[in-house]
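Here's the structure, in structure tokens; my notes come after.
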Amino acid sequence: MARHALWIEELLGFLLMRLDETGFEQLVAHEPKRMTAPYIETAGGRAESRAIYFTGCVTCCQLLPPDSLYYAEAWPCQAVRSLALPFADDPEYAEAWRPENAMLASGKFIHPEQEVRHPS
């Protein structure tokens with residue numbers, strides 16, 4: 001049984017088969033972890049505390065205060081996407097892994113003009 005979404009498992013498998021020792025150490029430092037991102041929803045004159053669950057980076061997300069995780073970068077973070085980029089010519093490389101297709105925990109693209117969907 002997979003710990004993460006299928007496309008995350010595919011990216012991890014792709015990288016594990018191709019990275020050297022240094023790359024592997026960088027990947028381990030940016031391990032994916034299931035996290036909670038609290039946020040406030042306002043509608044109809046009232047405010048409610050809510051939370052979403054997302055897969056974040058253990059390194060990148062710990063640098064942020066807990067109340068800003070809603071705007072944190074979702075895994076794969078820029079560091080992991082950069083590890084995959086040298087293999088962009090590989091037939092198994094997915095365009096959704098490119099650094100410019102990174103998303104926030106909220107599900108919005110960091111670069112909103114991009115409309116790339118992750119493979120299911």
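Quick caveat: nothing in here was measured; it's all calculated off a predicted structure.
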Cluster question for you: counting only ILVMFWY and a side-chain heavy-atom cut-off of under 4.5 Å, with indirect links fine, are [X] and [Y] together?
{"X": "F109", "Y": "Y70", "value": "no"}
{"X": "L16", "Y": "L83", "value": "yes"}
{"X": "L69", "Y": "Y71", "value": "no"}

Which donor-acceptor pairs under 3.5 Å do side chains of residues 17-33 form with protein atoms, sequence neighbours excluded?
residue	atom	partner	partner atom	Å
R18	NE	D90	OD2	2.9
R18	NH1	F14	O	2.9
R18	NH2	D90	OD2	3.3
R18	NH2	E92	OE1	3.4
D20	OD1	T22	N	3.3
D20	OD1	G23	N	2.8

**Prompt:** Taking only residues at least two apart or on different chains, which pairs with a member in residues 51-66 satisfy salt bridge (charged side-chain N to carboxylate O under 4.0 Å, His left out)?
**Reply:** none
**Request:** Could you pull out the closest heavy-atom pair between P99 and Q78, with the gap in Å?
**Result:** O-NE2, 3.2 Å
When the side chains of residues 38-57 are checked against the rest of the protein, which donor-acceptor pairs come out under 3.5 Å, sequence neighbours left out?
residue	atom	partner	partner atom	Å
R46	NE	E48	OE2	2.9
R46	NH2	E48	OE2	2.9
E48	OE1	R50	NE	3.2
E48	OE1	R50	NH2	2.9

**Item:** Sidechain-backbone polar pair: R81 side chain, P76 backbone, donor-acceptor under 3.5 Å
**Value:** yes
**Asked** What's the spacing between E95 CD and N101 CG if we round to 0.5 Å?
**Response** 7.5 Å
**Asked** Sequence neighbours excluded, which residues qualify as side-chain contact (heavy atoms from CB on, under 4.5 Å) partners of A84?
**Response** L11, L15, Y93
